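All chains are named by letter (A, B, ...) in the order of the sequence lines, taking the proteins before the strands, and each is independently numbered beginning at 1. The figures here come from the full heavy-atom set of this structure, side chains too, leaving out hydrogens, waters and symmetry mates. From a predicted model like this one, the values you see are computed outputs, not experimental measurements.
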Number of protein chains: 2
Amino acid sequence: MLSKKTRYAIKALVVLGKIFGEAPMQISKIASEEHIPKKFLEQILLDLRNAGLLYSKKGAGGGYGLVKDPAEIFVVQVLRLTGGPVALLPCVSLNFYQKCDECSNEATCGVRDVFLEVRNATLKILSETSIADVIRREGLLIQNTEV
Amino acid sequence: MLSKKTRYAIKALVVLGKIFGEAPMQISKIASEEHIPKKFLEQILLDLRNAGLLYSKKGAGGGYGLVKDPAEIFVVQVLRLTGGPVALLPCVSLNFYQKCDECSNEATCGVRDVFLEVRNATLKILSETSIADVIRREGLLIQNTEV
DNA sequence: TACAAAGTATATAGATTTAGTAGACTTTTA
DNA sequence: TAAAAGTCTACTAAATCTATATACTTTGTA
């Protein structure tokens, strides 16, 4: 499962993606729109800013905005920045690799092999899906929901 | 990430799959072969037994064995029995569904849509892969490792 | 029949992680 | 100069996970 941190981060980027090019949006506005605890969101946005995904502006009229086009920010990046590993086993994780301490031979582990396949499938989707895609899908879903 | 419980469960089933049809194997043997804390493994095997995957035999010469052919036990079942959800978001989980409390409209949530796709891809692999497949893969990996 | 082997059951402890809160500080704009 | 808004660090509460402890039951065999 993704952590709340990761979920909130994606949600925030989607909101900011929708106003890309316009004036920055305040934390409190994002927080209230998306029902995210404000203080928690502060930390998350700060991380995303330090990672170079967002810019911030202090003072009255300040807020956060995307540095890059939402079409160039991929969901997989957000997972990694917020500490959510893509892999289901530490031994098949590219960015959070750790030896399974119970495993005697990683190279010949059948379990590992299966979860490597799972990771690759997941990675393919998440590294091909941008924030812009998420927004686009939302639009399609809304269309299909209207009668 | 999968919990240790889930990982240990899969490992144990693989070991038992290899001796399917033979006499049952003792917890302590499985534990030492797979480097799993014995008392922890006891609980896990008990769960798998109560779920109908394993039979047990008490007393001298006792132990655990698979009830069904390893080709009929799928990895996805093990995840579910041991509490490891397949989905990365609670709102796309079939067996551990929960509303995302920050989400205002599930039906039109683009994030959900993406992770639904991820879940489907993962589910496909894990529900098509049996314990027998895991054992088979291990064999192939060993072949490829030998020079 | 007694004893040892092996599973059963429940409780609990310790560690780790996650989620969220608090508070004081800095920068910017009107 | 006051209010708006982000920055930074620390802390706490709760949940979960991992593992251990203890006492008990069943079964095979010497």
Answer with base, sugar-phosphate or nothing: what part of the nucleic acid does A:Tyr55 contact at a heavy-atom distance below 4.0 Å? nothing
A:Leu45 atom CG is separated from D:dA5 atom P, nearest whole Å, by 15 Å
Is the shortest side-chain N to carboxylate O distance from A:Arg7 to B:Glu102 below 4.0 Å? yes
Whole-Å distance, B:Tyr8 OH to D:dC17 C1', equals 11 Å
Can any side-chain N or O of B:Glu72 pair as donor or acceptor with the backbone N or O of B:Asp69 at less than 3.5 Å? no
Taken to the nearest whole Å, CG/A:Leu41 to C1'/D:dT7 is 14 Å
note: A:His35, atom NE2; C:dG20, atom C1'; distance rounded to Å ~ 17 Å
Separation between CG (B:Leu116) and CZ (A:Arg137), nearest 0.5 Å, reads 9.0 Å
Check your understanding: Hey, are B:Lys18 and B:Glu138 close enough for a salt bridge, meaning a charged N less than 4.0 Å from a carboxylate O?
Key -> yes
Whichever of B:Ser28 and A:Lys38 has the more 5' nearest nucleotide on DNA chain C, that residue is B:Ser28
note: A:Gln26, atom CD; D:dA3, atom P; distance rounded to Å ~ 18 Å
Atom CD of B:Glu102 and atom C1' of C:dA19 are separated, to the nearest Å, by 12 Å
One should read off an interatomic distance between A:Leu16 CG and A:Tyr55 OH, to the nearest 0.5 angstrom, of 8.5 Å
When rounded to whole Å, the CG to P distance for the pair B:Asn50 and C:dG7 reads 14 Å
Quiz item: Does B:Asp133 reach the main-chain N or O of B:Ser130 with its side chain, forming a donor-acceptor pair under 3.5 Å?
Solution: yes
**Asked** Is it true that A:Lys4 and B:Asp101 have a side-chain N and a carboxylate O under 4.0 angstrom from each other?
**Response** yes
Under 4.0 Å, heavy atoms only, any strand: does A:Ile27 hit a base, just the sugar-phosphate, or nothing?
sugar-phosphate
When rounded to whole Å, the NZ to P distance for the pair B:Lys4 and D:dT20 reads 11 Å
When you measure from the side chain of B:Arg112 to the backbone of B:Cys91, do you find a donor-acceptor pair of N or O atoms at a distance under 3.5 Å? yes
Set out, line by line, the N/O atom pairs under 3.5 Å between protein and nucleotides 9-16 of chain D.
none

All N/O pairs under 3.5 Å across the protein-nucleotides 24-30 of chain C interface:
unit_1: C:dT29; atom_1: OP1; unit_2: A:Lys57; atom_2: NZ; d: 3.4

